[in-house]
Undergrad: 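Provided herewith is a single structure, encoded as structure tokens, for subsequent inquiry.
Side chains included, hydrogens not; waters and symmetry mates left out as well; all remaining heavy atoms used.
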Amino acid sequence: MKLAAFASCLPHNTLDEALDYLVAHEIYGLELGVGGYPGTRHADARLLAGDNAACARLRNTCQSHGVEPMALSCHGNPLHPDATIAAAHDGDFRAALEAASEMEIPVVVGFSGQPGTGGVLNWPVIGWPQEYADQFEHQWRESLIPYWQPLTERARALGVKIALELHGGFAVHSPATLRRLREACGPALGANVDPSHLWWQGIDPARAIQRLGDAVFHVHLKDVCFRPDVMDDAGLLDCTPHARMDERAWYFAPPGEGHDAAAWQGILDTLHAIDYCGALSIEHEGYAPATEAIAATARWMRALSLRERRSATRTSTTTS
């Protein structure tokens, strides 16, 4: 596993500035946004796809700073009921697959997408009244599986893995929904595990990782904090906009602020147990400025790893 950071969290920096920042804080892996919701501030999948020279220049730029590009991110909604949005996100993601293959980047991260009607998203999250359950199955049968089957095959042919983030608001948001789509589409499709999105759904991230096993292709480092008084009023399905973070029942935070070192150590231990060797990518959506939070997260994760090594050394000394 290698510590990385999501460059789209540094939108005010050029790519060179972002790379310099990462190296200054001993972060040597990169998740690079190339379209969709992350935008194209640092790179554009559509300009990279099919342009071998542009792909080589981008990879050389990263390597000249000593940073390894470990994933391209193109989170979007290719199943959006607004056909214009769906087409734009679909084109970005397809271009990202081509660019990743050319640059020998093993993973493209995204969302499964979420269908709807009349230009409006419809995310069924309950099995009764029966219409919700019927709509859920209809979306999978008519949208999710038909869209992702050929795209997963294209990724397989390119030698690239698709890592869908388990994220509320999208059809694939849990280990069970990821496994369902993977079973229908094949092993080139797997998960981007962000513990924050699992915790707020009531899912234990370490157990989720254990269940997913070799389907874990990418990992985000992000925590979530709960406000019990607001939780008692608004519940988990709090629709207060994230821009009004102070009013929400839960909000995103750097690792360690919502869950303690033991919880995060359990996640790392489980990743080790499944032989995960990809990126641990810092993503920031909390209160502090990103430049402060990313650096602090890198320090915290290194300290956590150091405690683990010391503990392992003590255990080994005791048993011998």
Side-chain angles (χ1 to χ4, degrees), residues 36-37 75-90 93 109-152 162-186 189-205 207-209 211-212 215 220 222 224 226-228 230-245 247-252 285:
Y37 296 130
H75 297 75
N77 189 353
L79 304 178
H80 200 289
D82 183 319
T84 301
I85 295 173
H89 289 178
D90 170 67
F93 197 87
V109 187
F111 293 138
S112 66
Q114 179 57 49
T117 54
V120 179
L121 302 180
N122 183 351
W123 184 46
V125 293
I126 196 167
W128 190 90
Q130 183 62 37
E131 289 88 345
Y132 288 123
D134 293 343
Q135 179 67 13
F136 178 87
E137 292 300 329
H138 175 81
Q139 291 176 354
W140 277 82
R141 184 176 61 252
E142 301 298 327
S143 298
L144 265 292
I145 292 173
Y147 176 79
W148 284 105
Q149 278 182 334
L151 201 55
T152 302
I162 296 172
L164 296 182
E165 184 162 348
L166 309 184
H167 192 294
F170 295 97
V172 171
H173 58 273
S174 64
T177 50
L178 188 284
R179 287 197 307 274
R180 178 175 181 173
L181 192 59
R182 180 177 167 89
E183 288 167 4
C185 297
L189 185 146
N192 168 31
V193 174
D194 181 328
S196 69
H197 298 304
L198 298 178
W199 270 317
W200 79 254
Q201 293 182 72
I203 299 171
D204 182 286
R207 292 181 181 177
I209 291 165
R211 286 188 175 95
L212 291 167
H220 276 166
K222 191 164 88 260
V224 63
F226 296 92
R227 292 191 177 94
V230 185
M231 278 288 297
D232 290 340
D233 191 34
L236 289 175
L237 298 178
D238 183 355
C239 284
T240 303
H242 284 273
R244 290 155 52 193
M245 195 180 302
E247 303 171 35
R248 287 187 51 80
W250 53 266
Y251 59 93
F252 298 124
E285 299 180 67

Undergrad: State which residues pass side chain to side chain contact (heavy atoms under 4.5 Å, CB included) with Glu131; sequence neighbours excluded, sorted by chain then number.
TA: Pro129
Undergrad: Take Thr152 and Leu181, measure what side-chain contact (heavy atoms from CB on, under 4.5 Å) needs, and give me the verdict at the end.
TA: CA-CA 10 Å; Thr152 302; Leu181 192 59; over 6 Å; no
Undergrad: Within the 4.5 Å heavy-atom criterion, are Asn77 and Tyr37 side-chain neighbours or not?
TA: yes
Undergrad: What is the minimum heavy-atom distance between Ala208 and Leu198, and which atoms define it?
TA: CB-CD1, 3.8 Å
Undergrad: Can you tell me how far apart CZ (Arg227) and CD (Glu247) are? Round to the nearest 0.5 Å.
TA: 9.0 Å
Undergrad: Side-chain atoms of residues 116-125: list all donor-acceptor pairs with protein atoms under 3.5 Å, sequence neighbours left out, distances to 0.1 Å.
TA:
from, atom 1, to, atom 2, distance (Å)
Trp123, NE1, Phe170, O, 3.2

Undergrad: Gln201: what forms a side chain to side chain donor-acceptor pair (under 3.5 Å) with it, not counting sequence neighbours?
TA: none
Undergrad: Do the side chains of Glu285 and Arg248 get close enough for a salt bridge, i.e. N-O under 4.0 angstrom?
TA: no
Undergrad: Not counting sequence neighbours, which residues clear side chain to side chain contact (heavy atoms under 4.5 Å, CB included) with Ala87? List them please.
TA: none
Undergrad: Find out whether the Lys NZ or Arg CZ of Arg180 is both under 6.0 angstrom from the six-membered ring centre of Trp140 and within 45° of the ring's axis.
TA: yes
Undergrad: Starting at NE2 of His89, measure out to CG of Asp82 and round the result to the nearest 0.5 Å.
TA: 10.0 Å
Undergrad: With sequence neighbours left out, write down each residue that passes salt bridge (charged side-chain N to carboxylate O under 4.0 Å, His left out) with Glu183, or none if nothing qualifies.
TA: none
Undergrad: Look up atom CH2 in Trp199 and atom CD1 in Ile203, then write down how far apart they are to the nearest 0.5 Å.
TA: 12.5 Å
Undergrad: Between Val109 and His75, does a side-chain contact (heavy atoms from CB on, under 4.5 Å) hold up when you go through it step by step?
TA: CA-CA 7 Å; Val109 187; His75 297 75; 3.5 Å; yes
Undergrad: Should Leu164 and Asn192 count as side-chain neighbours, where that means a heavy-atom distance under 4.5 Å?
TA: no
Undergrad: Could you tell me whether the side chain of Trp148 and the main chain of Ser112 form a donor-acceptor pair under 3.5 Å?
TA: yes
Undergrad: Can a donor-acceptor pair be found, under 3.5 Å and without considering hydrogens, that links the side chain of Thr177 to the backbone of Ser174?
TA: yes
Undergrad: Compare all side-chain heavy atoms of His197 with those of His220 and state whether any distance is below 4.5 angstrom.
TA: no
Undergrad: If we only count heavy atoms from C-beta on, is the Val224 to Phe226 side-chain gap below 4.5 Å?
TA: yes
Undergrad: Of the non-hydrogen atoms in Ile162 and Leu151, which two are nearest, and what is the gap between them?
TA: CD1-O, 4.0 Å
Undergrad: Output the distance between atom OH (Tyr132) and atom CH2 (Trp128), rounded to the nearest 0.5 Å.
TA: 10.0 Å
Undergrad: For residues Gln149 and Ala184, report the shortest heavy-atom separation together with the two atoms involved.
TA: NE2-O, 2.9 Å
Undergrad: When Tyr147 is tested against each of Pro78, Pro115, Cys185 for side-chain contact (heavy atoms from CB on, under 4.5 Å), which residue passes?
TA: Pro78
Undergrad: Considering all heavy atoms of both residues, which atom of Pro146 and which atom of Pro150 are nearest to each other, and what is their separation?
TA: O-CD, 3.1 Å
Undergrad: If you apply the rule side-chain contact (heavy atoms from CB on, under 4.5 Å), what do you find for Phe111 with Val172, and how did you get there?
TA: CA-CA 8 Å; Phe111 293 138; Val172 171; over 6 Å; no
Undergrad: Only pairs under 3.5 Å count here: list side-chain donor-acceptor contacts from residues 236-243, not counting sequence neighbours, and write none if there are none.
TA:
from, atom 1, to, atom 2, distance (Å)
Asp238, OD1, Thr240, N, 2.9
Asp238, OD1, Thr240, OG1, 2.7
Asp238, OD2, Ala249, N, 2.7

Undergrad: Test your reading of the model: is there a side-chain donor-acceptor pair from His167 to the backbone of Glu165, 3.5 Å cut-off?
TA: no
Undergrad: May I ask you to check whether Gln114 and His80 show a side-chain donor-acceptor distance below 3.5 Å?
TA: no
Undergrad: To check you understand the geometry: which heavy-atom pair defines the closest contact between Leu178 and Gly190, and what is its length?
TA: CD2-O, 3.4 Å
